[in-house]
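What's counted below: heavy atoms across the whole structure, side chains too, no hydrogens, waters or symmetry copies.
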Amino acid sequence: MSASNAQEQIELHKALAPRYAFRYGFEFSRLFQQDWHAEMMRHMPAGARRVLDLGCGTGFFLAELDERRPGAVGLDISHAMLRVSEQYVPRAKVVTADAEKLPFKAAAFDTIFCKGCLHHTRDHVRFLANCQRVIDRDGVLILSEPCNDNFAIRWARTAMYHVSPHFSPEDRGFMKEELVALMERAGFEVTYAGRYGVFAYLFAGFPDHIGVLRYVPGAAWIVRQMIKLDRWICSTRFLRIVSFQVVVAGRPKRA
Ligand SMILES: C[S@@+](CC[C@H](N)C(=O)[O-])C[C@H]1O[C@@H](n2cnc3c(N)ncnc32)[C@H](O)[C@@H]1O
């Protein structure tokens with residue numbers, strides 16, 4: 001990552017840290033986040049013990065990982081984001097570092113999660129190759145990143161990244177096949193690639209941006225129904241293109 005982008009991400013997330021605490025403060029938004037995490041965790045090997053959450057931000061996912069796999073490690077470039085994580089995982093091991101220069105020895109982890117961090121970086125293959133280095137040969141990397149397969153979503157996302165002060169104009173989402181190709185170039189064999197998140201993502205994922213459910217009685221029940229609907233949409237061949245995230249899992253290629 002260029003020094004200027006690293007600095008830009010640090011500044012950006014300094015301002016965003018309090019918004020994340022607010023975002024995860026509602027029951028309906030936590031419900032949605034937990035479902036998103038479950039979608040990622042279902043690719044974790046049953047025997048996984050050494051887990052890393054790359055770009056863990058304020059640690060909400062890390063707290064769940066640490067509950068299931070005690071000793072899970074979180075890494076983020078933003079110290080401000082990590083400071084918020086103290087309220088969710090006060091005892092967790094968290095590291096302030098750039099994901100493109102991972103301060104871990106080779107094969108240190110058997111599962112690496114990366115939820116929404118890759119698209120903030122500029123050299124994606126290098127980022128993924130770094131993950132490949134610190135992952136065990138039987139380990140797995142599980143990513144969830146913004147999906148740009150749908151034209152309207154791609155357009156709206158690009159516009160938002162350019163206009164909103166909460167994003168960098170150079171951040172961008174990925175086409176599903178593009179992310180698969182990046183993984184392969186970085187030395188991974190992709191074992192799963194699917195889409196995730198439609199209505200629940202939009203209405204429960206970001207109550208700091210789209211806050212309508214904050215005022216609706218029974219919001220948690222509504223989000224549960226949205227989650228079921230989204231799962232159906234993502235399982236259908238023609239509709240799943242309207243989803244907002246792509247989830248990819250892969251393991252290091254055998255030589
Ligand atoms: C969209 S947030 C996601 C945070 C968290 N995974 C979550 O789901 O709440 C992206 C995170 O990636 C971090 N980040 C951006 N560039 C990074 C880099 N080069 N190395 C490590 N973390 C980075 C940001 O500081 C931020 O916390």
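Shortest non-hydrogen contact noted between D110 and G47 is OD2-O, 4.4 Å. Looking at every heavy atom in both residues, L62 comes nearest to D53 through N-OD2, 3.6 Å. The two residues V94 and S85 make their nearest non-hydrogen contact at CG1-OG, 4.2 Å.
Proximity of M81 to I10: side-chain heavy atoms (C-beta onward) are nowhere separated by under 4.5 Å. Side-chain contact check for R122 versus F127: every heavy-atom pair is 4.5 Å or farther apart. Between K115 and H37, some side-chain heavy-atom pair lies under the 4.5 Å cut-off. In this structure, D171 and Q9 have side chains that are in contact, with non-hydrogen atoms separated by less than 4.5 Å. A 4.5 Å side-chain heavy-atom check between I233 and V242 finds at least one atom pair inside the cut-off.
For R91, the CZ atom counts as loosely surrounded, since its 6.0 Å shell holds 12 or fewer non-hydrogen atoms of other residues, nucleotides or ligands. Applying the 6.0 Å contact sphere to CZ of R240 captures more than 12 heavy atoms from other residues, nucleotides or ligands. No more than 12 heavy atoms of other residues, nucleotides or ligands shown are found within 6.0 angstrom of CZ on R83. Within a 6.0 Å sphere centred on CZ of R137, other residues, nucleotides and ligands contribute 12 heavy atoms or fewer. Around the NZ atom of K253, the shell of radius 6.0 Å holds more than 12 heavy atoms that belong to other residues, nucleotides or ligands.
Judged by distance alone, the side chain of T191 and the main-chain N or O of A249 form a donor-acceptor pair under 3.5 Å. A donor-acceptor pair under 3.5 Å is formed between the side chain of S29 and the backbone N or O of F26. Counting only distance, with no hydrogens or angles, the side chain of T121 and the backbone of D123 share no donor-acceptor pair below 3.5 Å. Using modelled atom types, no side-chain atom of R251 and backbone atom of V190 make a donor-acceptor pair closer than 3.5 Å. Put simply, the side chain of Q245 gets close to the backbone of E145: a donor and an acceptor are under 3.5 Å apart. Proximity of a side-chain donor or acceptor of N5 to a complementary backbone N or O of H120 within less than 3.5 Å is detected.
Between E27 and R30 no salt bridge is recorded (no basic side-chain N to carboxylate O distance below 4.0 Å). Taking 4.0 Å as the cut-off between side-chain N and carboxylate O, R50 and D136 count as a salt-bridged pair. In this structure, R154 does not pair ionically with D149, as no charged nitrogen and carboxylate oxygen lie closer than 4.0 Å.
In this structure, OG in S78 is found 9.0 Å from CG in L12, a value given to the nearest 0.5 Å. Interatomic distance, CG of N130 versus CG of L141, reported as 11.5 Å (0.5 Å rounding). Atoms CG and OG1, on L16 and T58 in that order, are 10.5 Å from each other to the nearest 0.5 Å. From R133, atom CZ reaches atom CZ of F109 across 10.5 Å, with rounding to the nearest 0.5 Å. The line from CG of L239 to CG of N150 is 11.0 Å long, rounded to the nearest 0.5 Å. Here the CG-CE distance, from L65 to M40, works out to 8.5 Å after rounding to the nearest 0.5 Å.
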If you apply the rule side chain to side chain contact (heavy atoms under 4.5 Å, CB included), what do you find for I112 with V134, and how did you get there?
CA-CA 9 Å; I112 301 181; V134 301; 3.6 Å; yes

Residue pair Y192, R42: steps toward the side-chain hydrogen bond (donor to acceptor under 3.5 Å, both in side chains) verdict:
CA-CA 11 Å; Y192 174 83; R42 75 188 176 92; 3.3 Å; yes

Passes ring pair (Phe, Tyr, Trp, His ring centres under 6.0 Å), F174 versus H124? Steps please.
CA-CA 11 Å; F174 300 94; H124 302 132; 4.9 Å; yes

Between L179 and L118, does the side chain to side chain contact (heavy atoms under 4.5 Å, CB included) criterion hold? Intermediate values first, please.
CA-CA 10 Å; L179 195 50; L118 181 69; 3.6 Å; yes

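For residues 176-189, the pairs satisfying side chain to side chain donor-acceptor pair (under 3.5 Å) are R172-E178, with sequence neighbours left out. Residue pairs meeting the ring pair (Phe, Tyr, Trp, His ring centres under 6.0 Å) criterion with at least one partner in residues 229-255, sequence neighbours excluded, are Y201-F244.
Ring pair F32/W36 is tilted by interplanar angle, where 30° to 60° counts as tilted.
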Show every donor-acceptor pair shorter than 3.5 Å between a side-chain atom in residues 209-230 and any protein atom, with sequence neighbours excluded, or say none if there are none.
{"residue": "R214", "atom": "NH1", "partner": "P207", "partner atom": "O", "Å": "3.1"}
{"residue": "Q225", "atom": "NE2", "partner": "W221", "partner atom": "O", "Å": "3.3"}
{"residue": "D230", "atom": "OD1", "partner": "F199", "partner atom": "N", "Å": "3.0"}
{"residue": "D230", "atom": "OD2", "partner": "V198", "partner atom": "N", "Å": "3.1"}
{"residue": "D230", "atom": "OD2", "partner": "F199", "partner atom": "N", "Å": "3.1"}
{"residue": "D230", "atom": "OD2", "partner": "A200", "partner atom": "N", "Å": "2.8"}

